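In what follows, chains carry the letters A, B, and so on, assigned in the order in which the sequence lines appear, proteins first and then strands, with residues in each chain numbered from 1. Keep in mind that what you see is a predicted model, and the values were worked out from it rather than measured.
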Amino acid sequence: MKEYAVLAQDHVKVDALEKVMGTAKYAADYQMPNMLYGGVFRSIVPHAYIKKLDLEKARALPGVACVLDHTAIPGKNRFGIIFKDEPCLVDDKVRRYGDAIAVVAAETQELVQEALDLIEVEYEELEAVSTFERAMEEDSPKVHGDTNVNVTKHLEYGNVDEAWETCDVIVENTYSTHILSHMFIEPDAGLAYLDEQGIMNVIASTQNPHYDRNEVAALLGVPQNRVRVKQATTGGGFGGKLDISVQLHCALLALYTKRPVKMVRSRTESTMVSSKRHPMTMKCKTGATKDGKLVAVDCYMTCDAGAYSSYAPAVIGRAPVHIVGPYDCPNVRCHAVFAYTNNPMCGAFRGFGVPQAAVCHEGQMNALAKALHMDPLEIRMINAHHVGSVIPTGQELTESVGFMDTLKQARDKAAEVMPEALERLKPE
Amino acid sequence: MKRRGTGVGCMFYGVGNTGLPNPAAAFVQVLGDTSVHVTVGAADIGQGSSTMAASVAAETLGLNYEDIHVVWADTMYAPEGGATSASRQTFITGNAVKNACTQALGELKRTASEELNVPEEDLIFRDREIYSGKDDSIRMTYPALMAAMGKKGRLAVGAGYYNPKTTYLDPKDMSGVPYELYSYATCILEVEVDTDTGEVTLLKAVSAHDVGTPIGIKMVEGQIEGGTAMGTGFVISEKIDIDPKTLAIKNPTLSKYIIETSMDVPVVYPIVVSSEGEAGPFGAKGVGEPALIPSIPATVAAINDALGTDFTSTPIFPADIVKAWKEREAAAK
Amino acid sequence: MKPFDFYAPSTVEETLALLDQYQNSVALIAGGTDLTLELNERKASPAVVIDLKPVRELDYIRVENGRFRIGSMTTHASLAGNEMIRQHVRLLHDATRQVGSPQIRNLGTIGGNIAQSSVAGDGLAACVALNADVTLRSVRGERTMNINDFLTGEGVQKRNSLAADELLTEISFPVPDPKHTATAFYKLAKRKSLAISVIAGCLVVTVDDDGICTAASMRAGALGRYPMRFEGAEAYLVGKKLTYNTMLETLPMMHDQVLEANRSRPWSVFYKKEGVQGVFKKLFADVLGQLGLEEVQA
Amino acid sequence: MNKITVHCTVNHKPVVVETEPNKRLLDLLREDLGLTSVKEGCSEGECGACTVIFNGDPVTSCCMLAGQAEGADIITLEGISVDGKPDLVQQAYMESGAVQCGFCIPGMILVTEALLAKNPNPTREEAKQALSGNLCRCTGYTKIVDAVLLAAEKMRGEASR
């Protein structure tokens, strides 16, 4: 590594001082004069038409500034990072437990709760689609439009079907990973207000302020330069604060009340409606020569993506590219199908499908090592990416491929700090 | 009975969005007193993108880290930063900052060249000084340079952006260039499994990460340590439970969704590996997500090694372990 | 949080008078680690909340006439940090030092834990295994009863004997004879701190000079509404020379009993019935080591 | 509902505040007193972000009612710094790279202060124990434990001077 004047050493992070002093302002810490509190009335059924929605009792409660449903939205009522398939407030049907149906702004948080308790709704319940398998059946209810297929991808490289003949060993396994939550320690929060120039200001806990700005502008039907989104100090995200949380609801309430509106989600609400990690099933067949050289990988990948797309198209685009792992393999196929269901929405979560893919490709490497009586580190070294490797999209890697060094340095460090553990890896 | 096991987990990770444009931009101005404003769109969620921006700006401009003030993630002032996702901000916003600083350096170099009588290409900007790479006795301080800039009515400003060199992927077979660069990692992890209760104790984890050039060593280590905690928890304790009727999340609280405490995490030995490349700013790559990934398969493998099982699904909870061990014992008989 | 009036009396007398006055509409804060959350989630809406923290006379740990006497407002942290408890009642020491978190242990009290009578109360399970007595007071007078009877009583909250006007003031049990009695606790949980017990294993055994078991108390919290008693296993051990192998012979009984009691919970019964054996193996090894009878790795 | 008047010491200054009893100590500190370093992460005493030092001991302020502050000595992160500058513990957190998103940091620092007041020379294991009621999702705790040990070292250095 080159000698740097500033890099590759340790400086106190630019935000460390305000964070250790307790002065860093997270979204919930903002207070403004004349500020209202906001809250969301949410569905407690997973799939239903709304037959009746009665907001009048809530509106009549003293101290309630406004109660709004989808009819109040001046602009677009569909958002989403890739596909615009999620409503700000439900207008056609409920697609998951926790869908936002109405929003309330009131003088105190306690009043918000009381107003929410006064909202009455009648549902016409539909069969809820709760598994990938059911989603793919012809007679299943459709969560969006006329198919439950959210996205499919197909990666094809080399000639997988012909490659099996040249393999000395083939391992075949089905891997599945589960649905997880980011559990950032700061629950989602934000506030919105119209400034003296009539610009809608949103201060929020977010990973994605420019995207937020564009969605707020679309919701309100105003130019993007009439909306300002400022990221508050954000208490972790891990992908869970890439989607819209309170930004749209706060802005809508601020628009109608002409007062600042703050929303702070409870832990429960935050976890309930923010995105989750995609659970995946990967049926994978991997072949190698007796020397441990990978010859072919064929994987069929399915996923229940939940009620809305969120980052599913990004996850399904990334996972197949990474399905072999950091190894050379001349023949690869990966077919992936993600489906809509009425389950919690899955989205971006640290790794975008690569953690799931890694459970599969590393499981297969270990299975090969076992079948060939090889050290799991050795089989990885034999196949490791290097400058000049070609990945299954046909891209040649031309620089900065430090994989072998990670293998060697990890092995050497393990020899130093956990020699018995390292010894255990050797084949019997 | 307590049994120990070791697992290996490796990964590679394409930095930035997959086969899609995902640019980010930065603005920079070196002020008259040599302090600097850098403005980026990138949201800093604690991972350190703003610190990264300050570091890259200081390195590029030849100033000190302390000279840089970063404004971030305010759409009123900051240009598009794209999402803080896909481990992309060090690579993409980092390059944007570097490009913006390089633009600002244009006038700085012209002025220094005039003042020192040294060709622009021979000038070195480092540690608040400007000197000739051929004869380092020919030098001037940054304040002197800024004073000269002021006299000549020149401003050191720059706007830069960067979009990774990728292609759209072919819808037929996904061929193309999905990412401009890749990060790599290897984790070796040891666990102790109690076959009677299914409890898993995470002992030690060595996790080596190729980050190209580390922007800050402790920042990279912090990602690896935190990622290892999240990755091991992925396998042994975390899971969203869904009510089969309402499809509501049954455990949305921190008492019921089990993330690791200070008593649960393994001892982590982070290793910062560097590699040579031109794509990232000074060769830097992302580590945010790579930090998480290898410990997941490593934990699965370590449990399998301890028990002689073949778990292929996550999570692996104590009940699964006890069940698998009983089956294994029954089969052995 | 729904509105309520707040009182913070500083003596037992004042507290009892308030309880007498407000009866069913009162909620007592013995630590707040449960009640405050219930109030905040609007799950509880008492008209009156009484904070017991200022009632200092209920915060004590002392030994009198061969019995430990523990005031109900003694925190988990005080119990865990008490040297006499650590030396003589490892069970209670180990149970209280693993409750929740350091912060929760600084707030939560043993009296609160017992009065709450929650399924996974570790302090409660330990006191049950110790066969403790509890003292309840009201303006009507004072009564002391065995904790088992306390738990099966039909009081105001249906979960124990406490009447609407009563205050749990003391927990007491005999000081175990260190030469002949050993106690042990094992918390099986989903993580190593901030954890709710999946199984809270409690064991008290007494042996004579020849190592013959003269008494055994085998309990486990979180396996049923109240800490489960393994009576068959206890009876099996009494009269036998205490060895690891003898103790292991009780495991099938425990397995069957947990299976029987948890049949209605098919998703958890497998782990509970297997886990309880793992937990008790550790407890057996622990007490045998303490008594100097046998060194076992479990 | 009758209002209550709470008399206590907050960050070394006497405070008298009239408030509603149906409020948590957390709300009293954040809303009535504007001490927003006290964070709400879980509302159930689980994450430790709302930790304050209460009569010398760390407690989770979401588990206490406002009225329980009567007569108490309470320290929040705002009461730690010295003349607006970070104290040794805060400096140690900055230097150790212990701060990522920062949401858990107020609780972590207060627990560290309480620990070091009682045990100026903790082992790594004791530091982990002390922090075991504070959840952090970013750091994996390593650098936070490093910070505790560094702070202890700094404080011992200062004491021996």
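- Neither the backbone nor the side chain of Leu35(C) comes within contact range of chain D, judged by heavy atoms closer than 4.5 Å.
- Here the shortest heavy-atom pairing between Cys63(D) and Ile104(C) reads SG-CD1, 4.1 Å.
- In this structure, no portion of Ala114(D) lies under 4.5 Å from any heavy atom of chain C.
- Considering every non-hydrogen atom in both Leu39(C) and Leu65(D), the closest pair reads CD1-CD1, 4.0 Å.
- Between Ser132(D) and Leu194(C), the closest side-chain pair of non-hydrogen atoms is not below 4.5 Å.
- Atom OG in Ser101(C) sits 9.0 Å away from atom CG in Leu135(D) (nearest 0.5 Å).
- In this structure a side-chain-to-backbone donor-acceptor pair under 3.5 Å is present from Asp5(C) to Asn2(D).
- No donor-acceptor contact under 3.5 angstrom links the side chains of Gln103(C) and Asp57(D), judged on distance only.
- Proximity of a side-chain donor or acceptor of Asn22(D) to a complementary backbone N or O of Met1(C) within less than 3.5 Å is detected.
- Within a 6.0 Å radius of CD in Gln297(C), other residues, nucleotides and ligands contribute 12 heavy atoms or fewer.
- Surrounding NZ of Lys190(C) are at most 12 heavy atoms belonging to other residues, nucleotides or ligands under 6.0 Å away.
- Annotation: side chain of Val49(C) is not in contact with side chain of Pro21(D) (no heavy-atom distance under 4.5 Å).
- With rounding to the nearest 0.5 Å, the separation of CG in Leu37(C) from OG1 in Thr60(D) is 8.5 Å.
- A salt bridge does not link Arg24(D) to Glu41(C): none of the charged side-chain nitrogens sits closer than 4.0 Å to a carboxylate oxygen.
- Contact of Gln68(D) with chain C is made through backbone and side chain together, with heavy-atom distances under 4.5 Å.
- Of the inter-residue distances, the one linking Lys23(D) atom NZ with Asn40(C) atom CG reads 12.5 Å to the nearest 0.5 angstrom.
- Nearest heavy atoms, Met1(D) versus Phe4(C): CG-O, 3.1 Å.
- Taking every heavy atom of both residues into account, Gly133(D) and Pro102(C) meet most closely at N-CD, 3.6 Å.
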Give the C-alpha distance, both sets of side-chain angles, the deciding distance and a yes or no for salt bridge (Lys or Arg N to Asp or Glu O under 4.0 Å) between Lys2(C) and Glu20(D).
CA-CA 11 Å; Lys2(C) 301 242 168 92; Glu20(D) 296 79 33; over 6 Å; no
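- Atom OG in Ser193(C) sits 7.5 Å away from atom CD in Gln129(D) (nearest 0.5 Å).
- Met64(D) places none of its side-chain heavy atoms less than 4.5 Å from the side chain of Thr36(C).
- In terms of heavy-atom proximity, Asn106(C) sits nearest to Pro58(D) at ND2-O, 2.8 Å.
- Counting heavy atoms of neighbouring residues, nucleotides and ligands inside a 6.0 Å radius, atom CZ of Arg42(C) exceeds 12 of them.
- Within a 6.0 Å radius of NZ in Lys43(C), no more than 12 heavy atoms belonging to other residues, nucleotides or ligands are found.
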